Every structure is written in C-alpha cells, then in structure tokens.
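Please read all numbers here as calculations on a predicted model, not as lab measurements.
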Protein chains: 2
Amino acid sequence: MPRRIKKVAILGSTGSIGQQTLDIIRALNTRFQIVGLAAGTNTELLARQIDEFQPRLFSCSAEPDFGCAAQFLPMEGMVTDPEVDLVVIATSGKSGLYPLLAAVRAGKTVALANKETLVMAGEIILREARQHRAKILPIDSEHSAVWQCLRGERTRIERIFLTASGGPFYHFSPARLEQVTAQEALQHPVWKMGRKVTIDSATLMNKGLEMIEAHWLFAVPFDNIEVLLHPQCIVHSMVEFADGCVKAQLGFPDMRLPIQYAICYPERLSNTELPRLDLHMVQALNFQSVDEARFPCLTLARNAARMGGTYPAVLCAADEVAVELFLSHRTRFVDIARIVEETLEEHRAVARPTLDAILQADAWARKRANQISLRYAEAHPRPHKGTPVNDPGIAK
Amino acid sequence: MPRRIKKVAILGSTGSIGQQTLDIIRALNTRFQIVGLAAGTNTELLARQIDEFQPRLFSCSAEPDFGCAAQFLPMEGMVTDPEVDLVVIATSGKSGLYPLLAAVRAGKTVALANKETLVMAGEIILREARQHRAKILPIDSEHSAVWQCLRGERTRIERIFLTASGGPFYHFSPARLEQVTAQEALQHPVWKMGRKVTIDSATLMNKGLEMIEAHWLFAVPFDNIEVLLHPQCIVHSMVEFADGCVKAQLGFPDMRLPIQYAICYPERLSNTELPRLDLHMVQALNFQSVDEARFPCLTLARNAARMGGTYPAVLCAADEVAVELFLSHRTRFVDIARIVEETLEEHRAVARPTLDAILQADAWARKRANQISLRYAEAHPRPHKGTPVNDPGIAK
C-alpha cells in the first residue's frame, strides 16, 4: 500500500502546541503536507512558517503585513477546504470553537488541543461530530493516554484516572499560597506549556477542565473520572475496565509525543528527535489523592460539570479572566478560585443551551468576573509584583 | 447477539491455576460449560470437581478409583474433542507438551499457563499454530499484560519490559543466599502459586523462562525483552512502541485476573469476586534493574535462549530436577543455578530440533542434572532441613 500523505491545516501554528506540531511534521516530512497555517497576532513567526512550509492557505487575526503566495482565508474556510485531511486545533480559549464546529460539520478528522471548546460546548460538538462522522482525536497528554489505553478495547470503561503533576505549589501551605507570584507560577516543574495552561496547572483548574474534556471524548460519567497526583508526570493517565484490569500509558513528559500520536494515528512512527523514557532509570512512580481544600479549582470544575448547561462555559470564561488578572499582577494566585467561584454562584444557567446561549454566558461571565475581581484587586493592591517571598511554609 | 457459551477443557484442573480457573467459571457460570477435566494424581479433588461441574470427559494419570458418568480419555483426545472451544493448559513441566500440540493441530484456542511447553518447543508449536490457525492466549500475568497492551496495536513492538517481584530473597547477600531453606523459598512475598514456580520466582529462573515464552508469543527478539524488578507486583509488564510510547497493564496481584482475561477474551466481564486495585492507595511503584551476579538464572536462561536449538529444553529440565532436589532438602538454593549451568555446559545441542530431539535432550538433561547434583548434595549433606538461619546479612 503506498503511503498516503496527510494534508494538514494547523490553527494556532505560532503557539506552543502549534510550533511543536510543526517540529513533528518537519521530522516526518515525507508523511505530511501543510495546506494551511493560522495564527493570531504573531505575524512575524507566521511569515517564517509560511516561508518554510509553503501552505496554500493562511489566516491571522492581525492584518497580514507580509507578501506571500498563500491565500488569506478565515479559519472556518481553511478547515473546510476539501484538500484538508487533518485539522490540528491548537488555539486557546474560545477562539477554536467556531473553527472546530466548522471542521466537524465538514466531517474532518480533528486533532484537538484546545480543550476549552469541549468544556464550553461538548454536547453540541459531539452531537455534530456523530452526525457528520467527524473524528476528534485528543492531543492533551492525559487524553492521549486514555485513548491509547482504549485502542482495541470494546467494553465500557469502569473508571478513568487522570494524572496531575500537582504543579509547582502542591506542597505549599495555604498561607504560602497567598504569596505566590506570577513569575513563580509560570515555572512548571515538568511540562513546557503556554502561559494560561501553566497557571491552570498550578491551580489544578487544568485537571478540572480535562475531567470535562474526558467526559465528552470518552462518554464516561463525571463520577467515574478521578484525579491522581503523580509528580513524575511519566504515567500520563490510566483506564480501569469492567474486569478490574487497569491500563496505563507512560512516556517521557514531552508534548511532542502525544502530538505525534494524534497526527500519525493509526500509525506509530519512529522519530529519533523525540526523547525516550529509560525505564531502568525511573526508580519510583508516586501517586496520591488531591487535597481539594487547598486546590479548590478541581472541586469548582467538578461541580460546574455536574450542573452542566452553561456552567462549564462560565467556569472557563471566569478562569480565563482571573488567570489574566493574576498574570498582570492585579490579583493574587488564591483569588483565581474565588473569582471563578463567585462568578459561578451568580450565574443563572441555561439547560441544554444553544451555541448562542453558551456564547452569551461566556460574555456575561467575562464581564462579571472582571467586576468581581476589582474587589480582590482593591483588597490586595499590586501584590508581589515579581518579588518572590522567602517563606518556605511547606504544608505537612 | 445471543451470548455463546464457551465449552472448556481444563488440563491440570487440580493444580493452582486449574483450581483458580474453576473459581472464575463458577462465578461466571452462565458463560462457560466444562466439557473435560484432566488431573495428575490428585484423584480425590478431581472426583469433587467432576461432581460439581459434570464434564462429559475426564483424564488422570493415576488409575481412577471413583465411579462417575464421565468418560475417561487421554488428554490428547480430550483437547481435540469437536465440542471443545477453549483448552486451558494448566499442567506443569513437559506434561502439557503433547496435549498442547494436539490442541494446536486441531485449530483450537488454547489458554496457556504451562510455559515450559513454549520454552522447550516454541518454534514447533508456533509453526503448527500458524498452519492450523490455532490461537495461543497467555495466562501468565506478565504475558497477559503484554497481550493486553498490544490490543488494537498494529505496529511492531520496540521493547517488552517483563516485571519481576524479585522473590523473597532479592535483598539477601550471597552468603545469606547459601543458607536459604525450602520453607523460606516457598513463601512468595506477593503471588500465591504452585511450588515449582514459587522456587523459580525466588531464583528468577521464572523470569528467564518468561522471557523465552514472550519471545515466542509476541515474535520479539530476545535482546528486546528486558526485565525490571518491581516489588509491588502491580505493574504486570510493559510494552514500548516504535514512537517511544509505553503501555503498561496494572492490577491487583491475583492470578484470577489474567486467567479470567484469557478465558473471557475478547470480552472483559465484571466479576465481583475478584479484588480491585485501589489506585488511591498505591502510593509508590518502584522499579530497578536485576543484579544478575546474585541471580544468575536469568543470565543462564538468556544465554540458552540465544543459543536456541535444544538448549532451552535442557535449561527447563535441569531446572526442574534442581528445584525438586532443593525442595526435598538434598541440595541448596544456590546450587540450583550451578546444576543448571553445568548441565547446559555439557550439552551437545541440536539446531532446529524435531520434537523427538527435544524430548531426548530433556531426558538426557534430567539424568545428567541428577548426576551433577550428587556432587552438590555430598558437598553440603542435608543442608538446613527446615531450620531457617538467623543471619540477616542483607546486601546493600
């Protein structure tokens, strides 16, 4: 059988996942052809990518200030182009929502890194995907692990165990958590990721969003999705089956591995540029339950997921606002959960919402979270702007 | 689709694996029907099993001294009976060899626990299985783990990591190993197994035999099969793929789990009698490389495997003799490896042997290993008969 070249469109090509996807495609260049590249405002890097990969189509949110042979097209147009086999959605926040829906309605195979889209509108997206026989393949390392464990399995999943690094502050006391700076929070102990997801990892909100994503991707009830702290980030997640057998996927913690798995699926290709786990050096893999009293974002996400409707969209939007305010030194790390919680409490949800209702809830939540955070900003003006505090204050 | 009842013959029904297979079938009794039961000399237990499961056929090596409606038939006749869907081979040593070959030549599906058959005659058995489209499904927990990790995978295996408990003496110094008693060696820290395999676990010969078994079952070169000590016995083995991803199977260390997986395959059935792993309680999974200087049986097995021909059969036979002599207090624990090594050194191998040549090598090795061990028995007459020594002498 002659190898077929996959024709790929990448949304968010200048972000962390987008760049790593291009690294894989560069290494496996006989297998892929780039048809379209879409970026936000980083037109300088986009221009270099266009120069290297020569896509037929491109997209960016800023006015393109470079001359090139590629044709400018909005993301929705790019992903539905008949030539495209695989759409990689590596945008963040809600920006991937419309392009994802367009790709799904066109019956495309989508490799998805932009988890907020599923958190906000999982029910709608999955319904459209079923209807149009589109496939959604996860890029997130945890969901990639679950998906790999499910290969060839026919029976229902008993439980999913999502692993969490715990982020840089897992052993911090409540008092010490109040003093965390943006600079500290951006230092993830293991994974190299974008800014938003790095902060979400530190609050464990990221694991809450992943729980909702897993629910939609694998059709597993929220109560059957558990979180285990695993500081080494080597076991990327586990699945328990009806017979009590558990399968786990392990690997060197490098996002290029799950990216490659998603874009090469169903093949597994050798790529000498990727690091390999040396199991003789691993020595210990540790696991423990999460202390949700100190990391309430996981509880907030679980509750929003159970209530459903527009609550998960509000969770996402309020978190995005709260993380941005923390990163711009206007509120504190511990305020992120409080701002999200207050926004959720004030929300009047719509059950089984339309996409419009979801986007209205998103807009309301952004506005309301900004208002709520003013109070937190005033209570602790310009806290810890880049001045880490030296109180070790380790919990237990 | 109406559920089809699997019709099963069990060889070795009174042994440890045989009894546990019947435990599973008792718990899932709407799915299975016992067509035949075969035992060795334990006719008392066999009579009770026949009374409970009402097989049409039975077999035993001793003269049956009980009256029952079942028909006596040699094992080769039982496994080829047209009604039999699944043959469980839970015999030990070479006793399963002819029945396995008969089952394979009849195109049956075989759940195999008797690893020595594959060690002795893997090439012949696999060739016949391919020719007659028979399936061999592993029962050993390590091979079950590898097999589960391979479900749905299409690409070649990069490496297999067989996990090993290390047995009860893994931290013993060479001096302390010389004083190990049979009583001590029969206390496996985790697994409840038969006597022979418990001693093989303590010498790590069991892992060597499993390496050879894995080579034949999964068509992986010996050099790509590695052993990792994992004292908790929760990760039952791992597989590394071409892309660097690793999959592992985990479970409570109870042989009924892999037995159930093999006999229910491709289904995974819920069985409330089986223990479940509580991943929140696991805390740590440890791994380390094997110190083959203190546990030379693994090296002996690897070398016999690489040399091929009749060497693996000689390894098996000499080990069986040496373990029996140790269990009857005639030689020491450390003599097992030495007796096996000397027997292997004296062997004149046949390359690509016939079954006859393999059985001749087996007979030669048993005789020679017995002669060699006389020297060891004389050097240390009646060593440590049931009197454990109190020298802690822990290595490192």
Side-chain angles (χ1 to χ4, degrees), chain A residues 24 144-145 148-156 158-159 161 163 226-230 232 234-236 238-252 254 256-258 260-261 264 266-272 274-277 279-290, chain B residues 24 144-145 148-156 158-159 161 163 226-230 232 234-236 238-252 254 256-258 260-261 264 266-272 274-277 279-290:
Chain A
I24 300 291
S144 179
Q148 290 183 51
C149 290
L150 292 177
R151 262 189 109 135
E153 299 285 351
R154 307 178 189 180
T155 41
R156 74 180 166 76
E158 188 85 12
R159 276 189 295 181
F161 294 89
T163 52
E226 300 187 17
V227 174
L228 278 175
L229 280 178
H230 169 51
Q232 293 92 354
I234 285 174
V235 174
H236 298 313
M238 299 189 258
V239 177
E240 181 183 330
F241 296 96
D243 59 358
C245 286
V246 173
K247 271 158 78 172
Q249 190 263 319
L250 296 77
F252 196 91
D254 185 311
R256 290 174 298 171
L257 275 112
Q260 177 174 311
Y261 184 76
C264 294
E267 287 187 275
R268 290 186 181 273
L269 301 180
S270 178
N271 178 352
T272 52
L274 296 189
R276 274 181 191 261
L277 193 60
L279 280 163
H280 290 282
M281 301 300 288
V282 161
Q283 294 188 357
L285 301 173
N286 298 104
F287 302 92
Q288 62 178 107
S289 305
V290 175
Chain B
I24 300 290
S144 179
Q148 290 184 52
C149 290
L150 292 178
R151 261 189 109 134
E153 299 284 351
R154 308 179 189 179
T155 41
R156 76 181 164 78
E158 187 85 11
R159 275 189 296 182
F161 294 89
T163 52
E226 300 187 17
V227 175
L228 277 175
L229 281 178
H230 169 51
Q232 293 92 355
I234 285 173
V235 174
H236 297 313
M238 300 188 257
V239 177
E240 181 183 331
F241 296 96
D243 59 357
C245 286
V246 174
K247 271 158 80 172
Q249 190 263 320
L250 296 77
F252 195 91
D254 185 312
R256 290 175 297 172
L257 276 110
Q260 177 173 312
Y261 184 76
C264 294
E267 288 187 276
R268 290 185 181 274
L269 302 180
S270 178
N271 178 351
T272 52
L274 296 189
R276 273 181 192 265
L277 193 61
L279 280 163
H280 290 282
M281 300 300 286
V282 161
Q283 294 188 356
L285 301 172
N286 297 103
F287 302 92
Q288 63 178 106
S289 305
V290 175

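Atom CG in B:L229 sits 10.0 Å away from atom NE2 in A:H280 (nearest 0.5 Å). Between atom CG of residue A:L279 and atom CD of residue B:E226 there is a gap of 8.5 Å, rounded to the nearest 0.5 Å.
Note: B:A248 leads B:A145, B:A248, B:G244 in heavy-atom pairs under 4.5 Å with chain A. Looking only at heavy-atom pairs under 4.5 Å with chain A, the residue among B:Q260, B:Q148, B:M281 that has the most is B:Q148. Comparing B:H236, B:E158, B:R159, B:Q288 by how many heavy-atom pairs each has under 4.5 Å with chain A, the most go to B:E158. Ranked by heavy-atom pairs under 4.5 Å with chain A, the first of B:H230, B:E240, B:R276, B:Q249 is B:R276.
Between A:C245 and B:R268 the shortest heavy-atom distance is CB-NH1, 3.3 Å. Across all non-hydrogen atoms, the minimal contact from B:M238 to A:L250 is SD-CD2, 4.1 Å. In terms of heavy-atom proximity, A:P266 sits nearest to B:R154 at CG-NH1, 3.6 Å.
In this structure, the portion of B:V227 lying under 4.5 Å from any heavy atom of chain A is its backbone and not its side chain. Contacts of B:S270 with chain A are made by both backbone and side-chain atoms, with heavy-atom separations under 4.5 Å. The contact between B:F241 and chain A is made by backbone and side chain atoms together, counting heavy-atom distances below 4.5 Å.
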